[in-house]
Each structure stands twice: as C-alpha cells, then as structure tokens.
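Letters A, B, ... mirror the listed sequences (proteins, then strands); counts begin at 1.
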Protein chains: 2
Amino acid sequence: MRPKSVVKEEAIRQEALRIIAEEGLENLSMQRLAKAAGISPRTIYIKYENKEDLLVKLFIDVVLGAYETAVLKDFSEDMTLDAGVTAIWRNTFHYFRKNRERFVLMQYGRSSPLLNKAYQERDIGMGAFFAPIHRFLQRHVRAGLLPRYPHEVLRALLFAPLFDLVQEYFEYRDRPRQIITEKLVLDAAAAVIRGLKKPGK
Amino acid sequence: MRPKSVVKEEAIRQEALRIIAEEGLENLSMQRLAKAAGISPRTIYIKYENKEDLLVKLFIDVVLGAYETAVLKDFSEDMTLDAGVTAIWRNTFHYFRKNRERFVLMQYGRSSPLLNKAYQERDIGMGAFFAPIHRFLQRHVRAGLLPRYPHEVLRALLFAPLFDLVQEYFEYRDRPRQIITEKLVLDAAAAVIRGLKKPGK
DNA sequence: ATTTTAAGTAAATAATCGTTTACTTACTTT
DNA sequence: AAAGTAAGTAAACGATTATTTACTTAAAAT
C-alpha cells in the first residue's frame, strides 16, 4: 500500500492558513486550496472528510493546540498572581507575534459558527488547556487575593485585552513605527493584575 | 416616477441581520436574502450597488451608528473616571442585550476583512464616535489619574473585556440560569477602572 | 387621461462552490 | 518480479453563487 504523503498534508495546512490570513476564511475554497498546494482536490478528501473537518482540525490541532502548549510554557499553577499572569501575557504575545496566520484563524473562531462550536467545546470553555489557569486563579481566590467572580468573568478580564492588543499589533504592522511593543503589553498586564485584585490588596 | 419602497428596504436589512445572526455571514446569499424578504434579487441591487455595499452599509449605519449614539447616551466628557466608564459599560451592555443580531454582525467586523476595513476607518480607530471618549480619557491622563499609554492600549483595556462579557452573555443564553448579569458587568467595570488608574491613585 | 420613468419581477447568465467518478501511479507485500 | 491496494490525478457532477437581461408595474408629472 502506498503511504500518505506527509509533504502534501503539510502543504494543505500551510496554504490553507496562508489563504485565510491573506484573503479571509470566506475566500478559501477547496479548488483554490488544491491549486495553491499543487495537488488535486480529491487529495484533500483523502486526508479530510470534508471542508468542515479540514477547518476544525486546522483550528484545533494547529492553532489552539499549539497555543495551549505555548502559553503554558514556564507557567506553573504555584506562581504568584503577578508572575503567573505576566507569564501568560508574555507567552501569548510572543506566540502570536511570530504566528500571524494562526492568530487570524483564532479570531475567526469568535464569529464563525462552525469554528465557534469547536472553540467552546475544546478550549477556553473548561478544557484541559484552561484547567491549570483555572486552578491558578482559584488558588488566589481562596487566598483572598481575588474576588469570587464566575470564571467567565475572570477569563474575560484576563484574556480579552490581551487578544485585542495582539490584534492592534498586527493592524499597525506596516506603519512607520510599531505602536504595540512588548514593554507596553507587559504594562497592560500589570494594569489587568491591579484590576483583578480585590480592592485594598 | 415611482418612489423606492422603504418597507422593502427595511425588510432587506432586517432579514439580512436575522440570517447573519442565525446562520452566519457565510450563509447569507443574495438569493436567500431576496426570498426571505419576499422580493426579487434585482430589487436589492436597486438599493445597493452590490453585496459588499449592502454589508458595509448594514454594518456602518445599523450596527455601528446606532451603537455610537447608544453608548454616548447620558455620557459626558466631564464625568469622573468612575462615572464615565460605568456609563459606557452600562450603555453597551444594555444596547447589545436587546440587539443580539447587531452584536453578531459587530463581532464579524473583527475578523471579516471586508467589514474590518470599514470598522477601522469609521469607528474605533479615531472617528467621531471615539473622539468624546478619547478626550474624556485624555483629561484624566492630564489630571494624573491615568498613565500615559497610547490610546490603543487604553481602548483595549476599556472595551475588550466588555465585549467579551456580552459574548458570554449570549453564549449562555439558553442555559437554565444566566451567568452574566448586569451586576456582574458593573463589578467587572469597577475592576477595569481599578486597573486603569495609576498605581496608588 | 396620458405619458414618462424608475421601481420592481421572473428568469437566466457565467462563474464558482463542495464533492465525486473514473482512472493512473507508486509503494508494500507476497 | 508480480500482485494488490490505497494514494493521487484530471475532469466532471449538480448545486449555488453574485449579478444581469428582458420585461411589467405603479406612481408622479404633464
């Protein structure tokens, strides 16, 4: 039996990410993707059930999966609130700064009904990814440092401004001078930490 | 000369918003829209140049325009930081809570290349909408209450968690018990305000 | 009341969509 | 070396896309 070509598999994923980042998810068609990857449309269907299967796997495996491991690098549940949040922010900024294509698909996950389903089930909802961060936050809640908000609220306060800043980083990408720098991102992290803490702590 | 029917015009916009909210922007076609609005496809092209023109006008006029006026209701540049930010948060939450369809299209504006162009040009970039809020923030910067971050950073800290909470509000819409309540949103507003302020103020 | 004119309709346009059919190629197993 | 088999290709499938052509309708202007 002839083995599946990992080279072609990789070309499919790479070209799919590129087309989505450069021309939008709405302009990704199977025939365009096949042509860009230098293969026949049928080949895509050997590796993926259909278009939805391809997009969900791209989103879950390549974008979310890789982000999960990147964000938890050097992160530990036992860190102080300041150290932990700073690590999450720094890791996220570093990861997406060098992976714009993945960030673009990540943002589609918020609006596209197809990807949003996968997004909620796997990721941030309460999956293995968020679990360490969840326990980290709950520890500081029990210690009296953080207020007892539902974790959806803590998550919004913690992650939403971060993703917005990454988006800003890329929007001003071709301007004369970059506005969003690492220093600024870490300053914003400090502001978020101040806001999260119970008043007077 | 026969006058344009405002009824049909309104039906087009309403059905477009409904289809986008219920089935996603990617499932809105001109023929489906025409059928849903009870008209001929050609009629849409009497009122709009093409699909892009329709979507941009829907986004700018109906979603962004109406949000701009809603968020600035009862808001004044002269307010204290706490009062101003609280007003912005409360107004935003109230507006989108009763306008889910508009919120869905708003979120598409973050990822869809087509809408994102309009988004940046008109809105939050530095348009007439954000100007009063920008001056409000700058006044508190000059007073020494807020740090001198670029306004992109202040905007991210101020708005991003708010939109995330509205998203959460709708995601748990059909659960037994609503998680995101107005009280919780205003608690989160207070947290954001604490974070924004210079340390020690 | 008739003319004028743009609004509106039904149906068709070419292009493109996701997916499949019919066939060939290349690699593993015997 | 030959047989077997799934990977891969080229071309086509019907369905659907945005938009237009040819025609009808309704209302304002004469």
Rounded to the nearest Å, what distance is computed from the [atom1] atom of residue [X] to the [atom2] atom of nucleotide [N]?
X: B:Ile44; N: C:dA11; atom1: CD1; atom2: P; answer: 17 Å
X: A:Arg42; N: D:dA7; atom1: CZ; atom2: P; answer: 9 Å
X: A:Leu55; N: C:dG18; atom1: CG; atom2: C1'; answer: 12 Å
X: A:Lys35; N: D:dT9; atom1: NZ; atom2: P; answer: 14 Å
X: B:Glu49; N: D:dT20; atom1: CD; atom2: P; answer: 10 Å
X: B:Tyr48; N: D:dA18; atom1: OH; atom2: P; answer: 16 Å
X: A:Ile12; N: C:dG18; atom1: CD1; atom2: P; answer: 14 Å
X: B:Ile39; N: C:dA10; atom1: CD1; atom2: P; answer: 11 Å

Looking at [X], I'd like to know whether one of its side-chain N or O atoms comes within less than 4.0 Å of OP1 or OP2 on [N].
X: B:Lys4; N: D:dA26; answer: no
X: B:Lys47; N: C:dG8; answer: yes
X: B:Ser40; N: C:dG8; answer: no
X: B:Thr43; N: C:dT9; answer: yes

Checklist entry - Contact class for B:Leu33 (heavy atom, under 4.0 Å): base, sugar-phosphate, or nothing? => result nothing
request  = Report which part of the nucleic acid B:Leu28 touches: base, sugar-phosphate, or nothing (heavy-atom distance under 4.0 Å, all strands).
outcome  = sugar-phosphate
- Message: So, under a plain 3.5 Å distance rule, would you say the side chain of A:Ser5 forms a donor-acceptor pair with the base of D:dA7?
- Response: no
Margin query: With a 3.5 Å cut-off and heavy atoms only, can you find an N or O donor on one side and an acceptor on the other between the side chain of B:Arg2 and the base of D:dT25?
Written below: yes
Please state whether the rings of [X] and [Y] are parallel, tilted or perpendicular, taking 30° and 60° as the class boundaries.
X: B:His134; Y: B:Phe130; result: tilted
X: A:Phe103; Y: A:Phe170; result: tilted
X: B:Phe136; Y: B:His140; result: perpendicular

Choose from [options] the nucleotide whose nearest atom is closest to any side-chain atom of [X].
X: B:Ile46; options: D:dT17, C:dT19, C:dA7; result: C:dA7
X: A:Gln31; options: D:dA18, C:dT19, D:dA10; result: C:dT19
X: B:Lys8; options: D:dT9, D:dT19, C:dG8; result: C:dG8
X: A:Tyr45; options: C:dT20, D:dT9, C:dA11; result: C:dT20
X: B:Pro3; options: C:dT20, C:dT19, D:dA27; result: D:dA27

(request) For this output row, return yes or no: ring centroids of A:Phe59 and A:Tyr108 closer than 6.0 angstrom. (result) no
Taken in chain and number order and not counting sequence neighbours, the residues that satisfy side-chain contact (heavy atoms from CB on, under 4.5 Å) with A:Lys183 are A:Thr181, A:Asp187
- Task: Salt-bridge test for A:Arg110 and B:Asp164: reply yes if a basic N is under 4.0 Å from a carboxylate O, no otherwise.
- Result: yes
